[in-house]
Amino acid sequence: MNPDLAGGMADGAFKFLLQKLEAFASRERNLQENIRNGVRELQRELWRIEAMMRDADAKKDYDNQFNVWIQEVRTEAYAIEDVLDLFRLHRDQESVWRHLKMRHSISNLIQDINTRLTIIKQTKERYQIIKEINERYSMMVPTNSVSSETNTYHNVRAAPLILGWGNNTVGIDEPKRKLVSWALESNQKLKVMFVVGMAGLGKTMLARSVYEEVKERFDCHAWIIASKYQTIDETLQSLLEELGSSTEGSDIVLLMQRLHNFLQHKRYVIVVDNLWVKDVWEPIRLALPDGNDNRIIITTRRGDIANSCRDDDSIDIHKVQPLSPHWAEQLFYKKAFPGDGSCPSGLEEVSKSILQKCDGLPLGIIEIGRVLRSKPRQTKYEWKKLDDSLESELRSGGALSAIMRMFSTSYKDLPYHLKCCFLYMSVFPENNPVKRKRLIRLWIAEGFVTEERGKTFEEVGEEYLNELIGRNLIKANEMDFDERPITVGVHSLMHKMILSVSQEENFCTVCAGPEGNLADKPRRLSIQMGNFDVSQDLTCVRTFFSFSAGRVNIGLNFKLLKVLDIQSTPLGNFPSAITDLVLLRYLSLRNTNIRSIPKSLRNLRHLETLDLKQTLVKELPKAVLQLDKLRHLLVYAYNMGSVVPFDAVQGFAVPRKIGALKNLQTLLFVKARRHNRMIQELKNLTKLRKLGIVELAKEDGNSLCHSIEKMSDLLSLDVTSLTKEEPLELDAMTNPPPLLQRLYLRGPLKRFPRWVSSLHDLERIHLKWSLLSQDNPIEALQDLPNLMELQLLDAYTGTRLDFKSGKFQKLKILDLEQLKQLRFIIMEDGTLPCLQKLIIRQCNELEHVPVGIDGLLHLNELHLCDMPEKFVALLKKRGGELRHLLHRILHILSYQQGQLVEDLS
């Protein structure tokens, strides 16, 4: 062949290939640009859907057709989130993003969503036309019907009265007696009592019982239901009608004036049942004349409203409590066995199981008891069948539907942003206490908490939780000294309602047994029993929990996971697949046996919480410094026994340049090490709220003080010296964190740090092994205005502690331990006016109970731990020489080596 010809052909082929490559590159650029545009439009569409869902939720005018449409829209919102997360995932993993197949896959997903959204829009338009025709027809045909939700509300409100309050008032004698006494007390003032509690607790029954007892003692009386569907003027008209006054006119000011004039010279008692909004109460309150021993009783589920109205001593709150086990059993047997009210042999065990689920809730006890009574056969089999299927019975619309409707009303009344937070309780097993901080961090990771100017996400999340507690939907199980919940939960029957709604809205799929089937494209998975190892595609899952002791495999099926909480699972090694979950925001491996963290942890660039508490991890790799969004870093273990050792907290070593993690709010517990420059790096962590340091050497104390001075938002500081003999040098701080609330110091103090006495907001201080001899910590702390808890453990070598009159104005808990030389405690009149709990442990030289203890009016608990027998003998009921000094104290308990030995109460 002619060389020129061959060369020309080769040149032409090269040009052709080059053109093809350029065309391919152009298409790829266009594809990438189209994907970016499509993603931006999908993000805008998601915002529009969220706004529409909020509006629809506020209107609450769903019918069946609209409900189906909402479900379709919610499904597409999930699909949009999937695409947005896939885009973020592959953008972060650039090597994967280069794959042509991956880009085409995302492009096709965007097109599919847009097609489905168009169809849904057309469906909605057809639906809207049909709805408008029906509405026009309904205007032509007069009707007396009202909405189904309104009917449901009034049926639920009438239920306690229809049931016959007189037959179900088991266990209310004591609260009734107190409220009757309050109602009839003479003090010439208008007084208001809010009766507060969750749905079904018997607030209406209690109020009705009190009302019937006292109403004839007043000149006039009225009972009204504060319907959430009534306007303010309708409520005022209803009240005037009940009182027998004229109700003409609809002007609110005129109605208020008429109410005031009618009641002006009368002594009255009024019950406002089931208040939902403060706006209804305000005009009534303003119209009511004062004086004449007038009484108002308001029942409400909304404890937050009651608290907001409590602006002076004329307004009080009575919190209705669940029935005690004894009274719950009495009521249950009364409803289930109407004859003699006793439980037949063979049904005791299943009765206890049912009562445990009712958890003292009168409505649940009454309704379930009635259903069981109606069973044709009173057999253990029939009862156990109901017990095992209680959740499905509650949501079936059958005999127990009244319980579900009662709870659903409270749920539907929630603001849109709180509904997801409330439904999140479905993730946790029934009767499983949830740590407050854990729950709030999870809400943040899920994106439920919105940013508010001047507040951290954690502060906003705490406000959300307080509102849910105030609405009596979530309950505080265990309270801290500052009246904040340590753990929270929901009522057992409420939990079943949450599971039902969660399943209906595909919020969370719970696998509570080996037969647990996964929902179609579950968003959240909660494994509560057995092993979990599936091969199906789970890229739709965003949250994964395991509460099971079984084996859990985390693989690539979870590539879009944002929350992974598998604490207490049997893990020995860090699962390598976790570091491929690059969108992860929350990771908890708490209470597992993992020993190390891989360098590939650097891949989790979105991680906000890393919880490795109670693991065997002692050191973190430098890779952790690349997690610049990290807010909470918890890596420590407790070494606890009957006697708390000095090194009870086992910390971890962090990279020297820890100051790079500028978003950290929680850092627990860091090993200081001697001459470690890491201490100086801490000054860069200016957002810290909680800091824990262990193994601090004497010569590093000044450096730590200077770093802490930069932490203006610090709320909690915990410092332990290198050894039990190594002094803590913390005197160099001249400008301590002004907001500090909690301070824990372990180790010898040559001098008491002067800056501690300036901490206006300090609420709790623990001093352990301080061995102070010259400085008396009582004198240094007595004027702190907000101090509520004080612990001194081997902290003072003196023989006497003096609590002077007017000091420690807010202290609630006083804990005195291992004060080896202490012989006398003097409490002058007027000191410790709020003290509720006193602990005395291993103060073996103490000769006498605190002098003046009989003057502490609010002291309810006295705990004597490992005290000499001769000291305990002085306080016994019979023969105790000093027993008379403790007559006010309700609970007096003696312990030895952590075990309760004797109740001296």
Side-chain angles (χ1 to χ4, degrees), residues 454-456 458-459 625 628 630-634 636 649 651-722 726-768 770 772 775 777 780-781 783-787:
K455 298 178 182 177
T456 65
E458 288 75 10
E459 289 170 337
L625 299 180
D628 54 7
L630 205 59
R631 299 165 69 86
H632 306 285
L633 182 56
L634 302 96
Y636 60 100
V649 181
F652 73 107
V654 297
R656 180 171 58 84
K657 295 186 178 180
I658 187 68
L661 299 178
K662 298 186 183 297
N663 284 308
L664 271 185
Q665 293 191 21
T666 306
L667 179 59
L668 301 173
F669 275 87
V670 181
K671 288 185 179 180
R673 296 178 175 177
R674 195 181 295 274
H675 304 301
N676 191 349
R677 287 187 59 191
M678 179 274 298
I679 295 294
Q680 298 176 20
E681 277 283 314
L682 292 177
K683 68 177 181 295
N684 296 316
L685 303 180
T686 56
K687 293 184 179 181
L688 269 185
R689 298 295 182 100
K690 194 169 185 177
L691 173 64
I693 301 283
V694 296
E695 300 182 18
L696 180 71
K698 174 183 177 182
E699 54 267 34
D700 292 325
N702 287 353
S703 182
L704 177 62
C705 286
H706 296 319
S707 291
I708 292 173
E709 286 182 318
K710 303 294 183 182
M711 304 172 189
S712 58
D713 293 328
L714 196 67
L715 300 176
S716 177
L717 175 62
D718 192 317
V719 184
T720 302
S721 63
L722 184 62
E726 183 97 356
L728 279 176
E729 289 287 349
L730 298 175
D731 294 332
M733 209 180 318
T734 56
N735 295 301
L739 306 179
L740 199 68
Q741 297 175 358
R742 304 184 182 206
L743 179 62
Y744 310 88
L745 301 179
R746 300 180 189 88
L749 294 168
K750 290 184 178 179
R751 297 168 300 280
F752 187 82
R754 301 294 178 235
W755 51 269
V756 175
S757 301
S758 69
L759 297 175
H760 178 275
D761 287 1
L762 195 67
E763 297 174 349
R764 168 190 277 172
I765 182 168
H766 289 184
L767 299 176
K768 298 184 178 183
S770 305
L772 289 164
D775 294 341
L781 300 170
D783 291 317
L784 289 176
N786 292 296
L787 191 64

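Below, all heavy atoms of this structure are taken into account, side chains as well, without hydrogens, waters or symmetry copies.
Using modelled atom types, one side-chain atom of Ser757 and one backbone atom of Ala780 make a donor-acceptor pair closer than 3.5 Å. Of the possible polar contacts, one joining the Glu709 side chain to the Thr734 backbone as a donor-acceptor pair under 3.5 Å is found. Of the possible donor and acceptor atoms, none in the side chain of Glu763 sits under 3.5 Å from a partner among the backbone N and O of Gln741.
Between Thr456 and Arg689 the shortest heavy-atom distance is CG2-NH2, 3.1 Å. For the pair Cys705 and Glu729, the tightest heavy-atom approach, listed with the atom from each and the gap, is SG-O, 4.3 Å. Heavy atoms only, all atoms of each residue included: Leu762 and Val756 are closest at CD2-CG1, 4.3 Å. When all heavy atoms of Ile658 and Met678 are compared, the pair lying nearest together is CG2-CG, 3.7 Å. When all heavy atoms are compared, the tightest approach of Lys683 to Thr686 is O-CG2, 3.6 Å. Closest non-hydrogen pair, Leu696 versus Gly701, comes out as CD2-CA, 4.3 Å.
Taking the side chain as every heavy atom from C-beta outward, Lys657 and Asn684 never approach each other to under 4.5 Å. With a 4.5 Å cut-off on side-chain heavy atoms, Asp713 and Lys687 do not count as touching.
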Criterion side-chain contact (heavy atoms from CB on, under 4.5 Å) on Phe752 and Leu767, from CA distance to verdict: CA-CA 10 Å; Phe752 187 82; Leu767 299 176; 3.7 Å; yes

Verdict with reasoning, Asp731 to Lys750, per side-chain contact (heavy atoms from CB on, under 4.5 Å): CA-CA 10 Å; Asp731 294 332; Lys750 290 184 178 179; over 6 Å; no

Before giving the answer on side-chain contact (heavy atoms from CB on, under 4.5 Å), spell out for Asn786 and His760 the whole-Å C-alpha distance, their side-chain angles and the decisive distance to 0.1 Å. CA-CA 7 Å; Asn786 292 296; His760 178 275; 3.5 Å; yes

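Residue Leu717 holds its CG atom at 8.0 Å from CD1 of Ile693, rounded to the nearest 0.5 Å. For the atom pair Phe652 CZ and Leu668 CG, the distance stands at 8.5 Å (nearest 0.5 Å). Here CZ of Arg754 is found 4.5 Å from CG of Asp775. Values are rounded to the nearest 0.5 Å. Distance check, rounded to the nearest 0.5 Å: CE of Met733 to CD1 of Ile708 gives 4.5 Å. Atom CG of Leu743 and atom CD1 of Ile765 lie 4.5 Å apart (nearest 0.5 Å). Put simply, CD on Gln665 and CG on Leu630 are 10.5 Å apart, with the number rounded to the nearest 0.5 Å.
Asp718 meets the side chain to side chain contact (heavy atoms under 4.5 Å, CB included) test with Phe669, Thr720, Tyr744, Arg746; sequence neighbours excluded. When the side chain to side chain contact (heavy atoms under 4.5 Å, CB included) test is applied to Glu695, the partners found at least two apart in sequence or on another chain are Lys671, Leu722.
Taking 4.0 Å as the cut-off between side-chain N and carboxylate O, Glu458 and Lys690 do not count as a salt-bridged pair.
In the displayed structure, Lys710 atom NZ is contacted under 6.0 Å by at most 12 heavy atoms of other residues, nucleotides or ligands.
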